[in-house]
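Below: the structure, in structure tokens.
Each chain gets a letter, A, B and so on, in the order the sequences are listed, and its residues count up from 1.
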Protein chains: 4
Amino acid sequence: MQSRTPASRAGRPRSAAADTAILAATREALVELGWSKLTLGDVATRAGVAKTTLYRRWAGKNELVVDAVAELFDELRLPDCGTLAADIEGVVLQYAAILARPEAKSGLMSVVAESIRDEALRERIRASIVERQKRLVLEGRARAQQRGELPPESDPEEAARTVDLIFDVVAGAVVHRTLVSAEPADEEWVRSFARILLFGLTGAGEDHDAAPPPAEGP
Amino acid sequence: MQSRTPASRAGRPRSAAADTAILAATREALVELGWSKLTLGDVATRAGVAKTTLYRRWAGKNELVVDAVAELFDELRLPDCGTLAADIEGVVLQYAAILARPEAKSGLMSVVAESIRDEALRERIRASIVERQKRLVLEGRARAQQRGELPPESDPEEAARTVDLIFDVVAGAVVHRTLVSAEPADEEWVRSFARILLFGLTGAGEDHDAAPPPAEGP
Amino acid sequence: MQSRTPASRAGRPRSAAADTAILAATREALVELGWSKLTLGDVATRAGVAKTTLYRRWAGKNELVVDAVAELFDELRLPDCGTLAADIEGVVLQYAAILARPEAKSGLMSVVAESIRDEALRERIRASIVERQKRLVLEGRARAQQRGELPPESDPEEAARTVDLIFDVVAGAVVHRTLVSAEPADEEWVRSFARILLFGLTGAGEDHDAAPPPAEGP
Amino acid sequence: MQSRTPASRAGRPRSAAADTAILAATREALVELGWSKLTLGDVATRAGVAKTTLYRRWAGKNELVVDAVAELFDELRLPDCGTLAADIEGVVLQYAAILARPEAKSGLMSVVAESIRDEALRERIRASIVERQKRLVLEGRARAQQRGELPPESDPEEAARTVDLIFDVVAGAVVHRTLVSAEPADEEWVRSFARILLFGLTGAGEDHDAAPPPAEGP
DNA sequence: CTGTAACCGAGACGGTACGTCCTGTCTTCTA
DNA sequence: TAGAAGACAGGACGTACCGTCTCGGTTACAG
């Protein structure tokens, strides 16, 4: 989380408990107050820690919140459900479950909004949150290829672009459903979404130029 | 924007020019400073207006920013490109163009983040921004149905759910691409995304229970 | 009180009732709020009058309060009590009675304090409040001279100086007793004060160089 | 001025230099602007101090001005001039000299006016300004009694009342001369005033019931 | 077992912005 | 043309946080 560069510097070492307490207090405050009303002084008080201690470890509110929220994504795992369809549903549901928590909603969107004007913050978010999720998409594809549900990629660059695209679609849809539409991304919704995504993925590769055939739905 | 109730109340009427100046100043400040560093005092100064005038018309920063950003969406139109595929690409591109503007990025995401803890703000966003966009999805579907590209909906409730889903997918993908991945939603990306969406929409309705057939890509 | 320049200007004449209502409202507000918390907007509301009307007639808070307080001194009269001693007591008691009223305390001292930095205000106070009181001292001396209690003045300039001195002593003592010591200037106090003043006045003229004889008091 | 209670509390101690700078800046602002136009923000700026520092130590403008003005009275000393007459003149002159300073004029009268509606403020003024002066009256009487110019008091309660009366007369006269009449309390005026006071004090005790003898002046 | 270096809590500090209130001016409608 | 109503520019208010600093005290490793 922070630099620990050399070996074991002289002097009193930093309290490890403080880190835990601060991040927990941050999430608690996010739930109660939301990002914009969260103050570092209040977080310090909740954590039973001096404001100085907090500033010694994080540069500011944004960095602190990124770390606090990032811990929520530690539990994200890709379950092996046997089919690509089930895997997609599984990972989307997990992502939706995390975004259903108020500390994630409040914290994540706000720091993303802040990151628009702050390159370092954007990088921190990417490293500690986004990449962790994107790994799941990669794992899922590899597994589907092993099963024969998806063909092995021919052009690796094109394949990377597709992963990015899928990730934006999945994460974006869940985020928009949860935050903007403010409706729960429940099982039914996830199933509908996964259908569209699956058909999009498996159908979109067939023919790049032919118009798609007319269909009954939606 | 504000009450317009009776006919022509007593006392000096509110300056219409002030509204315009304030909203423009707000967008300008959003571009330069971003949401979190935007100050109502600064906006007032830029607009050549007293702080009180600003507070007389808006309850706070969030309400002001929503109105300022909402004006950006006034220009959103659905072009009639002849085919569903082209229409989808067209509207996604337009939405992407708006989200490419820094005042939209900074403003929109921040107020959405704030709206998580503020029902009234969420409603204001829905009314002045979201609904305006969702109308385009409805228009596009009606047009596609006229052309015969999409069948008329049988269950109107199911149809409404589908519109919401599509909207979350489209808007979410563009938002995520633009803000989180911080890559431009350019023509190439939009074409790829529209392909997936089109196949998803036209293919997903075919058979609700059968597994999709294996495909080549990606 | 204010300009009334020519004869009877064209257009709607100023409401005379408004003046009365405004001054009464000013005194009422002085009692309830004191000078520093009194606002012209509040006075206008109490008087059932628009702020504009108020500003059309008075230049500001200070001028308004001077006029409002000056009306309190209209009732000041010098009773003919038969002896100089009784006359002094009588006028001091009257002055004390006015200063016992909270609107006088609050208003008078504040405008005097303001007048330190405002020549025009000082002149207005002198004209509408101070001179009115000083007249009583002049009357009292004339009456005492007629009775033979005081000798006629030889040097008119010296006499004027003495009147000023007496006035400062009398008014100053009552003001200080009432405001700074915050004790009532009741009959007992006035009697003690009048004794000192009377002996001072009648004894001080006797011998300008000789040291006063030792005495029993105070 | 503020609490000094325990030994050396935790945390960064308050800057002593700040107190000095703030009070000096307050007097400076009083001279330039007067009480009503004096701003706490401006005082803070002049003192090179943050507004918060100022509010941490004083409850408001009035308390601050009392303390700033009170320091002016620190220099007040009773000179031993040998006779009661000379002592009176000396102390009155000193008091007049302080009241001649614009910061005293502006500040003192305004806070006294405010104190009418604020018991705590009145007490603060009494403690830090009035009592300090009243001590001089006590010293002066004791000295005169040692010299035999005044008899020792028989009734201590009556004696206290007399001290209060004298103080109101002396302070009130100087204040009224300086502020209301707006004339300097110069040596000549002080001599005339001291004469009256001296005769009043030494003569008033002689006979409580007899009418004073007719005299030549004023 | 003793420096000493880095930590810790507490809280004052110089700042910035807040949202409210009041001032004195103006603009409109009504009488 | 006066008056009521109320919007306007401007500016001070007192509060809340920010991020920094200066204290007295406490660990825990190094000599």
Atom [atom1] of [X] and atom [atom2] of [N]: how far apart are they, to the nearest Å?
X: C/Lys37; N: E/dC22; atom1: NZ; atom2: P; answer: 11 Å
X: C/Leu64; N: E/dG24; atom1: CG; atom2: P; answer: 11 Å
X: B/Lys51; N: E/dT20; atom1: NZ; atom2: C1'; answer: 8 Å
X: D/Asp19; N: E/dA12; atom1: CG; atom2: C1'; answer: 12 Å
X: A/Leu40; N: E/dG9; atom1: CG; atom2: P; answer: 15 Å
X: A/Ile22; N: E/dG9; atom1: CD1; atom2: P; answer: 8 Å
X: A/Arg57; N: E/dC7; atom1: CZ; atom2: C1'; answer: 9 Å
X: A/Arg12; N: F/dT27; atom1: CZ; atom2: P; answer: 5 Å

Given DNA chain E, 5'-ward residue of the pair D/Gly48 and B/Pro13, judged by closest heavy atom:
D/Gly48
For DNA chain E, whose closest nucleotide is more 5', that of D/Ala18 or that of C/Thr39?
D/Ala18
Which pairs would a plain distance check flag for residues 33-40 of chain B, meaning a side-chain donor or acceptor within less than 3.5 Å of a matching protein atom at least two apart in sequence or in another chain?
residue, atom, partner, partner atom, Å
B/Ser36, OG, A/Glu114, OE1, 2.9
B/Ser36, OG, A/Glu114, OE2, 3.2
B/Thr39, OG1, B/Lys37, O, 3.4

More 5' along DNA chain F: A/Leu38 or B/Ala16, using each one's nearest nucleotide?
B/Ala16
Comparing C/Ala50 with D/Ala59, nearest DNA chain F nucleotide closer to 5' gives the residue C/Ala50
Kindly say whether C/Ala21 contributes a backbone atom to a donor-acceptor pair with the side chain of C/Arg46 at under 3.5 angstrom?
no
Using a 3.5 Å distance criterion without hydrogens, assess whether the side chain of D/Arg117 forms a donor-acceptor pair with backbone atoms of C/Val31.
yes
Closest to the D/Arg56 side chain, choosing from E/dT23, F/dA2, E/dA12:
E/dA12
Name the pairs: protein N/O against N/O of nucleotides 1-3 of chain E, kept only if under 3.5 Å.
none

Estimate the overall bend of the helix from E/dC1-F/dG31 to E/dA31-F/dT1 from the end axes over five pairs each, rounded to 10 degrees.
10°
Under 4.0 Å, counting only non-hydrogen atoms across every strand here, what does A/Thr52 touch: a base, just sugar-phosphate, or nothing?
base
The single option from A/Val111, A/Leu72, A/Val69, A/Asp67 passing side-chain contact (heavy atoms from CB on, under 4.5 Å) against A/Ile129
A/Val69
